[in-house]
Amino acid sequence: MPTSSFDFDEQLLQQDSQQDYGRLGPNGARRCCAVASAPQGSFTNHFRSKEAFAKEVLDRYFANLQERIGGALNEKSLTPRQRLERYLEIISGLLAGDKWKRGCLIGDFSLETSAQSKLMRARLEAILHEWREPFALCIAEAQAIGEIDSTFDPCRRKCL
């Protein structure tokens with residue numbers, strides 16, 4: 001039974017997100033197709049480019065990260081400072097679980113792709129703005145109750 005385009009897209013994206021979160025490199029498309037048991041030329045039938053594929057992987061990574069951020073920073077049974085610490089524990093646990101072999105995909109892509117790709121640069125900038133908001137709100141809440149020094153503005157662009 002032939003695989004639909006959507007199923008193939010999902011297969012590639014799932015495999016990549018389970019493996020190496022989008023570090024495509026010169027052989028990345030070939031690797032993705034091999035893992036998904038698809039003909040090498042079929043990659044471009046499903047994604048306009050490696051850049052479009054990388055953006056989709058980044059979007060999925062960020063969606064997953066947002067769930068983790070929300071799970072930590074929205075836990076109202078903890079104080080704001082405890083919620084920030086909880087987020088760091090969650091993220092550190094994930095990285096340690098991979099034996100610290102991988103870093104944050106957002107940071108990696110910021111270093112590796114933003115200079116070459118307008119698409120990725122724009123998406124990374126939007127992610128960083130969106131990412132900052134829940135932390136700024138939590139920090140402001142902690143400042144309001146004296147848990148964190150209030151000498152800096154948590155909403156300033158340079159905070160994170």
Side-chain angles (χ1 to χ4, degrees), residues 6-25 27-29 31-32 35-36 43 46-145 147-149 152-160:
F6 177 76
D7 290 343
F8 180 72
D9 295 358
E10 282 299 310
Q11 213 174 345
L12 284 173
L13 289 163
Q14 284 295 325
Q15 191 57 46
D16 195 64
S17 63
Q18 291 168 4
Q19 297 294 318
D20 212 3
Y21 271 133
R23 282 127 176 115
L24 292 173
N27 296 314
R31 178 184 55 80
C32 289
V35 169
F43 182 90
H46 299 276
F47 297 97
R48 286 183 329 236
S49 63
K50 285 196 277 186
E51 179 185 49
F53 178 72
K55 181 189 172 295
E56 181 65 27
V57 170
L58 180 63
D59 287 344
R60 286 168 180 247
Y61 178 88
F62 185 55
N64 182 285
L65 183 61
Q66 285 178 301
E67 288 178 27
R68 294 175 192 283
I69 292 168
L73 300 186
N74 295 330
E75 179 53 59
K76 297 301 182 181
S77 67
L78 302 174
T79 69
R81 185 180 178 124
Q82 289 172 328
R83 295 192 312 257
L84 291 166
E85 290 169 349
R86 179 68 186 128
Y87 170 76
L88 293 174
E89 289 169 4
I90 290 168
I91 295 303
S92 295
L94 290 171
L95 296 173
D98 282 337
K99 298 183 180 8
W100 304 96
K101 291 179 186 173
R102 295 189 272 188
C104 172
L105 184 66
I106 297 165
D108 291 348
F109 273 175
S110 294
L111 292 171
E112 296 170 10
T113 67
S114 62
Q116 296 95 15
S117 169
K118 289 181 183 178
L119 174 70
M120 293 298 287
R121 185 172 45 254
R123 182 61 187 127
L124 287 161
E125 186 175 334
I127 283 172
L128 290 174
H129 285 284
E130 193 173 339
W131 196 2
R132 183 176 55 239
E133 185 176 343
F135 289 96
L137 292 171
C138 194
I139 290 168
E141 190 179 336
Q143 288 174 324
I145 62 171
E147 285 191 317
I148 293 179
D149 188 336
F152 74 94
D153 178 0
C155 297
R156 282 188 37 220
R157 287 184 151 221
K158 295 178 184 176
C159 284
L160 297 175

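The model shown is predicted, which means the values in this text are computed figures rather than measured ones.
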Original post:
Run the salt bridge (charged side-chain N to carboxylate O under 4.0 Å, His left out) check on Lys55 and Glu51 step by step: do they pass?
Top reply: CA-CA 6 Å; Lys55 181 189 172 295; Glu51 179 185 49; over 6 Å; no
Side-chain touch Pro80/Ile145, heavy atoms, less than 4.5 angstrom
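Side chain of Pro80 against side chain of Ile145, heavy atoms only: contact under 4.5 Å found.
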Strictly distance-based, threshold 3.5 Å: is any side-chain N or O of Arg83 a donor or acceptor partner for the main-chain N or O of Leu78?
yes
Looking at every non-hydrogen atom in both residues, tell me the closest pair between [X] and [Y] and how far apart they are.
X	Y	value
Ala136	Pro154	CB-O, 3.2 Å
Asp149	Gln143	O-NE2, 2.9 Å
Ala72	Ile90	CB-CD1, 3.9 Å

Distance, nearest 0.5 Å, that separates [atom1] of [X] from [atom2] of [Y]:
X	Y	atom1	atom2	answer
Leu65	Ile91	CG	CD1	5.0 Å
Leu128	Trp131	CG	CH2	6.5 Å
Arg123	Glu130	CZ	CD	6.0 Å
Leu84	Phe135	CG	CZ	7.0 Å
Phe109	Leu124	CZ	CG	8.0 Å
Ser110	Ile127	OG	CD1	8.0 Å

Give every residue pair that meets the ring-ring contact (aromatic ring centres under 6.0 Å, His included) criterion with at least one member in residues 64-84, sequence neighbours excluded.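 Output for this query is empty, none listed.
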- prompt: Any Lys/Arg nitrogen of Glu125 or Arg121 sitting under 4.0 Å from an Asp/Glu carboxylate oxygen of the other?
  reply: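 No, no charged N to carboxylate O under 4.0 Å.
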Compute whether any side-chain donor of one residue and acceptor of the other, for Arg60 and Asn64, lie under 3.5 angstrom apart.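 No, because no side-chain N or O of Arg60 sits under 3.5 Å from a partner of the opposite role on Asn64.
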Sequence neighbours excluded, the answer for salt bridge (Lys or Arg N to Asp or Glu O under 4.0 Å) partners of Lys76 is Glu141
